2 protein chains.
Amino acid sequence: MCLIVSDVTSDTPAPLSAIEQRVLDAALECSARWGFARVTIDDIARSSGVSRASIYRFFPGGKEVLFESLRVRELEAFFTELRTEVAASESLEDLMVRSVVTATRCLRNDAHLASMLASEPGEALGQLTVDGLPRIIRMASMTLIPLARPFMAPHDASRVIDLLARLTISYFLAPSEDVDLTDEADARRFLAPVLAVAAGAGSEHPITPDRSSR
Amino acid sequence: MCLIVSDVTSDTPAPLSAIEQRVLDAALECSARWGFARVTIDDIARSSGVSRASIYRFFPGGKEVLFESLRVRELEAFFTELRTEVAASESLEDLMVRSVVTATRCLRNDAHLASMLASEPGEALGQLTVDGLPRIIRMASMTLIPLARPFMAPHDASRVIDLLARLTISYFLAPSEDVDLTDEADARRFLAPVLAVAAGAGSEHPITPDRSSR
DNA sequence: GACGCTGAGACACAGTGTGTCTTATCGTCT
DNA sequence: AGACGATAAGACACACTGTGTCTCAGCGTC
């Protein structure tokens, strides 16, 4: 609990300077071209025009810290765009459907993500599932809970968003024949029951009944 | 002189086995994805399903030898395709124009070449100009001199082919606003004078007058 | 059963990227 | 003009990783 709070507050620790942005841009470009594992700090330095020394100054800890910053930045950009797309929704269903559709479309149109998935599936998948998923869900919650406020209590919204985020990523990574989540009507048809169940069940009993006995 | 002969005869030293082809395929794929400098033998081994030990067995000398074989194979494939495209030409001009046009189109459609040029201009350019150009010209001569035989003496054809190969590569690397060598009519209009001059001058006096005095 | 071929792994070595320095250079502010 | 902060450039030791060469085991073929 404490961890989560400190995590959330430290999510926007410092607005990045222009030079840091340039470094991250270069890192994004390089990793898209060569894959995360094959990029060197030197590549990023050359590509950004920022000296290696300065990169270490800005991102003490080197590559790991740098790419962590990059992931945070990209994630924030992603959800900032998502928010502007869905802010005007006038019902819970609208909000959720449009969020899923917009997110899926963004993911599908992301050339960098596609390169990463192609050239380094391990790393990229990790950032979409095990390692990165909690953060993604946290960002999704921070973005969407306020927008869901008029329709739903934060606690219930949180559970629905968690579910939808997982579904979105799963259907992005392994599209189903049955539903195309980039198509709004299709997505609405598919998501309506899910939303109904999740929303309905929410207030009654916890979504994860205690199974620690088995 | 002696060198050239030995070079030509050693150009087709051994037909590659299926497993060697697989290795080269993998090398091509890997280098297209990551760039020549970033590919490891391990990548190629994994990608081809051939063990590292075997790769060194087939290409003693490692990466350098392997990629040399790859370049030879690609070059041969290129000119084999070119020959089938232009074999039916019924005049010298036809032959030369169609060769240039076909070659230019092939170069422009070559995704691997494009990747290499994008990610590692130095290496790729070297193979198209300083280091690789003599070989390209040699292959072009071997391919086209026989086809030009009905219209032109080998010695003259050799000089014309040399010239056209250089022009083709130059216009591929730095296209001109004035002429589009992928367009046959355009190329014909552009090349006709060149062909006339080169062919005409050939029989009269050497194309490289002795300037050793300066 | 002998043979050839391939994969798997160990090995020393060289090369290169890393992360941390120090120093030089630039632009800005006072 | 001088002082200051920020950045580039380069040196450095270190660790890691890719290389090239082994040896050995497994497999199929003759």
Side-chain angles (χ1 to χ4, degrees), chain A residues 13-73 115-116 119-124 126, chain B residues 13-73 115-116 119-124 126:
Chain A
L16 297 169
S17 69
I19 193 167
E20 285 169 305
Q21 295 284 4
R22 254 171 55 211
V23 172
L24 293 187
D25 288 340
L28 184 61
E29 191 190 332
C30 290
S31 62
R33 170 146 48 213
W34 294 315
F36 173 81
R38 301 183 130 77
V39 181
T40 68
I41 299 288
D42 233 65
D43 294 326
I44 299 172
R46 244 172 300 146
S47 175
S48 65
V50 176
S51 76
R52 223 163 59 86
S54 293
I55 292 182
Y56 280 104
R57 218 171 288 127
F58 290 126
F59 304 97
K63 210 170 160 182
E64 207 52 53
V65 172
L66 195 161
F67 275 91
E68 181 60 17
S69 292
L70 178 59
R71 284 190 284 264
V72 169
R73 188 188 75 161
S115 312
M116 293 285 288
S119 65
E120 280 186 303
E123 173 67 23
Chain B
L16 297 169
S17 69
I19 193 168
E20 285 169 305
Q21 295 283 5
R22 254 172 53 212
V23 172
L24 293 187
D25 288 340
L28 184 61
E29 191 190 331
C30 289
S31 63
R33 169 143 53 213
W34 295 314
F36 173 80
R38 301 182 129 78
V39 180
T40 69
I41 299 287
D42 234 64
D43 294 326
I44 299 172
R46 244 172 300 149
S47 176
S48 65
V50 177
S51 74
R52 223 163 57 87
S54 293
I55 291 181
Y56 279 104
R57 234 170 266 131
F58 290 127
F59 305 97
K63 210 171 159 182
E64 207 50 54
V65 173
L66 195 162
F67 275 91
E68 182 58 18
S69 293
L70 178 59
R71 284 189 284 263
V72 169
R73 188 188 75 161
S115 311
M116 293 287 287
S119 66
E120 280 186 304
E123 174 66 23

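Here the structure is a predicted model, which is why all the values come from computation and not from measurement. Convention: sequence-line order gives letters A, B, ...; per-chain numbering from 1.
The two residues S47(B) and C30(B) have their closest heavy-atom pair at CB-SG, 3.8 Å. Closest approach of V65(B) to P60(B), counting heavy atoms only: CG2-O, 3.3 Å. Shortest non-hydrogen contact noted between S48(A) and A26(A) is CB-CB, 3.5 Å. Among all heavy-atom pairs drawn from M116(B) and F36(B), the shortest one is CE-CB, 4.0 Å. The shortest heavy-atom contact between V39(B) and G35(B) is CG2-O, 3.2 Å. Among all heavy-atom pairs drawn from A27(B) and I44(B), the shortest one is CB-CD1, 3.9 Å.
Checked against side-chain contact (heavy atoms from CB on, under 4.5 Å), R73(A) has the following partners two or more places apart in sequence or in another chain: L16(A), Q21(A), L24(A), D25(A), L28(A), L70(A). With sequence neighbours excluded, the residues satisfying salt bridge (charged side-chain N to carboxylate O under 4.0 Å, His left out) with E68(A) are R71(A), R135(A). A search for salt bridge (charged side-chain N to carboxylate O under 4.0 Å, His left out) contacts involving R57(B) returns nothing, not counting sequence neighbours. Applying the salt bridge (charged side-chain N to carboxylate O under 4.0 Å, His left out) test to D42(A) and every residue at least two apart in sequence or in another chain returns R46(A), R52(A). For R22(A), the salt bridge (charged side-chain N to carboxylate O under 4.0 Å, His left out) criterion is met by no residue, not counting sequence neighbours.
A heavy-atom distance below 4.0 Å to DNA chain C is reached by none of the residues of residues 20-30 of chain A. Of the residues in residues 48-61 of chain B, G49(B), V50(B), S51(B), R52(B), A53(B), S54(B), R57(B), F58(B) come within less than 4.0 Å of DNA chain C through at least one heavy atom, sorted by number.
For the atom pair OG of S115(B) and CD of E29(B), the computed distance is 11.0 Å after rounding to the nearest 0.5 Å. To the nearest 0.5 Å, the span separating CD on E20(B) from OG on S54(B) amounts to 10.5 Å. To the nearest 0.5 Å, the span separating CG on L66(B) from CD1 on I55(B) amounts to 6.5 Å.
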Contact pattern, 5' to 3', of nucleotides 24-29 of chain C - B, S or - by protein heavy atom under 4.0 Å:
------
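If you measure from atom NZ of K63(B) to atom P of dG15(C), you get 14 Å, rounded to the nearest angstrom. Across the protein-nucleic acid pair, D42(B) atom CG and dA8(C) atom C1' stand 12 Å apart, rounded to whole Å.
Think of the region where chain A sits on DNA chain D: with heavy atoms and a 4.0 Å cut, that region ends 5' and 3' at dT7(D) to dA11(D).
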For DNA chain C, the dot-bracket pattern of Watson-Crick and G-U pairs whose distances stay under 3.5 Å, | for other-strand partners:
||||||||||||||||||||||||||||||
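Pairs of residues two or more places apart, or lying in two chains, never qualify as ring-ring contact (aromatic ring centres under 6.0 Å, His included) while including a residue from residues 45-66 of chain A.
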